[in-house]
Amino acid sequence: MATNLTEKNKDLKDVSGGVQTKTTQFLRKDNQVESATNVSFGPIGGIEKIEGYSQLGNTITTSSTSSSTTSSTSTSTSTSSTTSTSTSTTSTTS
Amino acid sequence: MAAYKVTGLHSHNFISGSEELIAVWHKTPLAYRSGSWIRGATLTDGLDAYMASYLDKVFLVNGTDNNCEYNGNYWTFSENTLGSPIAKYIISHESRLFLYNIKILGTRYPSRVWFCDLPSLGTVTWGLDYGTDLVTTAGDATITSATAHFKTRNIKIGDPFFITTGTNRGEYSVLSVTDDNTIELTENLTFTASGSSFWVGSNWFDVGTEDGDEGMGFGIASNEIVCLKKNSAYRYNVAGQTLRQIKDVPGTISPKSIVNWGGYCYWLHPSGIYRTGGGVGEKISNAIEHIFRTATVSDFTGTVAWVNQLDSTVNFSIGSATFEDGDSFTNLTISFDTNSKIFAYRDYPKNFKVAAPWLRSSNPEVYIGDDSSGVFQMDTGTSFDGNNIPCEVEYYTVYPSGEEAVVTFNRIRSYIKNGPDVQIFYKLIYKPTNQEDVWTSDETWNPMIGSQVSDRVDWYFLIDARASGVKIKVVESGADESFVLEKLTIYYSSAANS
């Protein structure tokens, strides 16, 4: 489309002010935005999408390999005392 | 297979070279080692657990079970945690372990902090002993307990000695420790008795005891321990053994929202996000106050926070939330950039229960545990575990010629790299109507006409886009490398010339 000679322009090139919802629209600074979801202002003045996430290993299940533990014999009868036996199983790792 | 929430997460890189992430899940802590989850001790099911690294071991507390430790080979309740009070929270600082909101002989002391003795030869004692078999003789200062370990557990001269049941109930003082089973007090006891309950030790201090509140967790600021309760915050100087209240800030009801970064301790309260550098506290969330004033949040208590050390952000995962304007979030996460002091939101498609940093192979990483048996590395890759990352930015209304003038909006030139999936929407604000003194604004978003097929593209408004102002929203959703939005230029004409 040909440029309209009477056309004017307004740049929005700085959003380094981040999200601000405390004031009315008339008091906000030019570099502030009303909302920004899943973006970062990493490049100063600009916007890019955030990074994601990925699972570590497999989902935890009850078939995880067990490790050995030492037994615990508490000498105080009023505390909760857990006991465990030393075992080493070769169950399937998760 | 039943799914359970991950209730604790902590990383520890052992001196041996083994780098491990420990997750507490269902009834057990598990160590992630060599690509597998290795199950450890047995705990009470489903309790929130907190861990600390100390003496090249990981110490675990959950407020109900005896405290336990992990040395990279096995879990145990009977080495360095023996004699420690059951605790809800734990922190390692200045060569000691500190326990908060503790329990001794079944009695909870919600505002009490207990700390260990300084370590010796790689082991630690707690300066605490307790039992229910105390034997006393009328007119005699000597007391005995067949099951005690007074010397072994480092009970000291001058320690307060509390007899909590029976006819001699009261507070006394230790004159000397004869052996593991015998102590002489500074005064004679009045009655002969047996089977009395007792505890002895001085490694403790109380945080605001008379306020009916309870300890909710630890932080660090200016090399001091920040002790948070629900309604107040305190700072404890270890060397000086002094406790002072941090005035005019509340505490937290969200223990997992407490994080430390850049000399500050940050935490979340239902009234906002706070931080302290040690001296004073301040609320930092004023710019996004609507989240705490008007938004509907399902539950602040489960807020999980983490620090991204690479971009210096402190992030608070609040959970399900709906703003007053109707915007809803599955897992609203507030991200605060500590360098630029600005906020942004995130919305994740899963609930986070715990978070922990991990320096893994020299890379600073962050991990979270969810409510469905999963542990995830955060801030990595271009997808949410294979799913698109939806994002949007909503600009404030732009009035190119001021709020009073009416212009005709023609087009927007967008400078966006790598943005083939970007869409741009707009709303016209204060459009003239048939009535001279009435203006209306668009209630719904209008799609702009165009496509970001290159790094610089023109998008067009629908016909008759006359108004005083325009709101713009940029939206994208995908699992590919991110776009970079550098600039939008709005082209408009004065109404007389359009």
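Numbered from 1 within each chain, the chains take letters A, B, ... in sequence-line order.
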What's the shortest heavy-atom distance between B:Val398 and A:Lys10, and which atoms? CG1-CG, 3.9 Å

Rounded distance (nearest 0.5 Å) linking atom CG of A:Leu12 with atom OH of B:Tyr415: 12.0 Å

Could you tell me which non-hydrogen atom of B:Glu289 sits nearest to which non-hydrogen atom of A:Thr21, and how far apart they are? N-OG1, 4.3 Å

Which class fits the ring pair A:Tyr53 and B:Phe376: parallel under 30°, tilted 30 to 60°, perpendicular over 60°? perpendicular

Side chain, backbone, both or neither: which part of B:Ile368 has a heavy atom under 4.5 Å from chain A? neither

Pick one of side chain, backbone, both or neither for B:Asp311, based on which atoms fall under 4.5 Å of a heavy atom in chain A. neither

Given B:Lys341, B:Lys417, B:Lys487, B:Arg293, the one with more heavy-atom pairs under 4.5 angstrom with chain A than any other is B:Lys487

Within a strict 4.5 Å, meaning less than it, do heavy atoms of the A:Asn38 and B:Pro390 side chains meet? yes

Between B:Val366, B:Ile416, B:Asp347, which shows the greatest number of heavy-atom pairs under 4.5 Å with chain A? B:Asp347

Hey, which of B:Phe323, B:Tyr70, B:Tyr32 has the most heavy atom pairs under 4.5 Å with chain A? B:Tyr32

Working to the nearest 0.5 Å, report the span between CZ of B:Arg39 and CD1 of A:Ile60. 12.0 Å

Which heavy atom of A:Val39 sits nearest a heavy atom of B:Cys391, and at what distance? CG1-CB, 3.7 Å

Pick from A:Asp30, A:Val33, A:Ile44: which one has the most heavy-atom pairs with chain B under 4.5 Å? A:Val33

Would you find a donor on one side and an acceptor on the other, under 3.5 Å apart, between the side chain of B:Arg346 and the backbone of A:Ser40? no

Any donor-acceptor pair under 3.5 Å from B:Tyr399 side chain to A:Phe26 backbone: no

Toward chain A, the part of B:Glu486 with a non-hydrogen atom under 4.5 Å: backbone

On a heavy-atom basis, the closest approach of B:Ser477 and A:Lys49 is C-NZ, 4.4 Å

Picking from B:Tyr4, B:Trp25, B:Tyr395, which has the most non-hydrogen pairs under 4.5 angstrom with chain A? B:Trp25

For a quick test of reading the model, state the closest non-hydrogen atom pair linking A:Val19 to B:Ala344 and the distance between them. CG2-CA, 4.0 Å

Using a cut-off of 6.0 Å, state whether more than 12 heavy atoms not belonging to B:Glu324 lie near its atom CD. no

What are the two closest heavy atoms between B:Trp37 and A:Leu56, and how far apart are they? NE1-O, 3.9 Å

Could you look at B:Lys471 and say if it's the side chain, the backbone, both or neither that has a heavy atom under 4.5 Å from chain A? side chain

Using a 4.5 angstrom heavy-atom cutoff, name the option from A:Gly45, A:Ser54, A:Gly18, A:Gly17 with the most pairs to chain B. A:Ser54

Quick one: pull up OH in B:Tyr492 and NZ in A:Lys8 and give me the separation to the nearest 0.5 Å. 5.5 Å

In terms of heavy-atom pairs under 4.5 Å, which option from B:Gly374, B:Pro349, B:Ala23 contacts chain A the most? B:Pro349

Given side-chain contact (heavy atoms from CB on, under 4.5 Å), test B:Tyr348 with A:Ile50 step by step and report yes or no. CA-CA 11 Å; B:Tyr348 293 102; A:Ile50 63 169; 4.0 Å; yes

If one checks every heavy atom of B:Glu481 against chain A at 4.5 Å, the contacting part turns out to be neither

Would the distance check show the side chain of A:Asn9 and the main-chain N or O of B:Thr489 forming a donor-acceptor pair, the cut-off being under 3.5 Å? no

Counting heavy-atom pairs under 4.5 Å with chain B, the top scorer among A:Gln32, A:Lys22, A:Glu34 is A:Glu34

In Å and rounded to the nearest 0.5 Å, what is the CG to CZ distance from A:Asp11 to B:Arg413? 10.5 Å

Hey, could you give me the OH/CG distance between B:Tyr396 and A:Leu27, rounded to the nearest 0.5 Å? 10.0 Å

Please state whether the side chain, the backbone, both or neither of A:Thr62 comes within less than 4.5 Å of a heavy atom of chain B. both

Check the surroundings of atom NZ in A:Lys13: do more than 12 heavy atoms from other residues, nucleotides or ligands lie under 6.0 Å from it? no

Roughly how far apart are B:Ile288 CD1 and A:Gln20 CD, rounded to 0.5 Å? 10.5 Å

Mind ranking B:Val484, B:Ile291, B:Thr382, B:Ile389 by heavy-atom pairs under 4.5 Å with chain A and telling me who comes out on top? B:Ile389

Chain A heavy atoms under 4.5 Å from B:Ser372: which part of the residue, side chain, backbone, both or neither? backbone

Please look at B:Arg360 and chain A and tell me whether the side chain, the backbone, both or neither of the residue comes under 4.5 angstrom of a heavy atom of that chain. side chain

